[in-house]
Visitor: 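Supplied in structure tokens, the structure appears directly below.
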Amino acid sequence: MNIIKLHAIDSTNSFLKELARKEPLPDFTVVTTQNQTAGRGQRGNGWYSTAEGSLIFSVYKIFDHLPVIQHFKISMMVSLALIEAFQLFDIPEIKVKWPNDIMAGNKKIVGILVENNLMGEFITSSVIGIGINVSVKSFPDLPQAGSLSFSSDSVIIKEELFQSILKSLGTHLANLMNVRFEELKTLYEAHLFRKNVISVFEDPLSGKRFNAVIKGISSQGELVIETEEGLMSQVGVKELRLLF
Ligand code: BTN
């Protein structure tokens, strides 16, 4: 495995994307840093981390022409790989909050940012950025963030966790092209946060709130919800926010 260890960088995703633009990179090149000064999150958000408490890394993964329409396979596979690794560390109540936040109980402990490189209708490679709150003690203005250490009585050695996650990610991602979307969807849905219970959602444009039940995901990775009136709908990331 090609692993690059940095002391400080703005963003491991940006660094790896730039590196891949400049030179051909081996499959599964990993970049990790102790300090990430301008971590990037989903929807243009930032990502908070500390040198001691966070595990920050990005993986460059080459795909042999993965159809763009199946892009959600990457999120599902990465989420399942992380869940498997956390199970080895006996972290209770691990779930995936659609599309790809990993939760321990009601706290978000992992953020994932997947950035794809496209050629026509296909994904040829991705930079998969992962930020894990291992033992961050407090989060500024982030009431829903938590750390693995909040849920575990034993001390988690960051390097051990990192090796375990890389192993799980390597195996899962190498298998991605061989597993059917439907098969992955079933596995992913088995770990879905707040599935089959009433949740409050917010329409980010109007600010309107409504109750609905998460039923699963569609064949394109959209969230399938059932409203109180019994209406089923499929929604994209920008179309709603789950409040909990
Ligand atoms: C999210 O908003 O939930 C996604 C956060 C992703 C953060 C990780 S940390 C490593 C990699 N580098 C970045 O700049 N972002 C990702």
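These values consider heavy atoms only, across backbone and side chains, with no hydrogens, waters or symmetry-generated copies. Quantities reported herein were computed from a predicted structural model and do not represent experimental measurements. In each ligand, atom 1 is the first atom listed, and ligand 1 is the first ligand listed.
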Visitor: What is the minimum heavy-atom distance between Arg194 and Ser199, and which atoms define it?
Guide: NE-OG, 2.7 Å
Visitor: State whether the number of non-hydrogen atoms from other residues, nucleotides or ligands found under 6.0 Å of Glu121 atom CD is greater than 12.
Guide: no
Visitor: Please enumerate all residues that pass salt bridge (charged side-chain N to carboxylate O under 4.0 Å, His left out) together with Lys73, with sequence neighbours excluded.
Guide: none
Visitor: Tell me whether Leu118 at atom CG has more than 12 heavy atoms from other residues, nucleotides or ligands lying less than 6.0 Å away.
Guide: yes
Visitor: Which residues pass the ring pair (Phe, Tyr, Trp, His ring centres under 6.0 Å) test with Phe89, not counting sequence neighbours?
Guide: none
Visitor: What does the list of residues with a heavy atom under 4.0 Å from ligand 1 look like, ordered by chain and number?
Guide: Ser11, Thr12, Asn13, Gln36, Gly39, Arg40, Gly41, Gln42, Trp47, Ile56, Phe57, Ser58, Asp101, Lys108, Gly111, Ile112, Leu113, Gly129, Ile130, Gly131
Visitor: Residues in side chain to side chain donor-acceptor pair (under 3.5 Å) with Asn133, at least two apart?
Guide: none
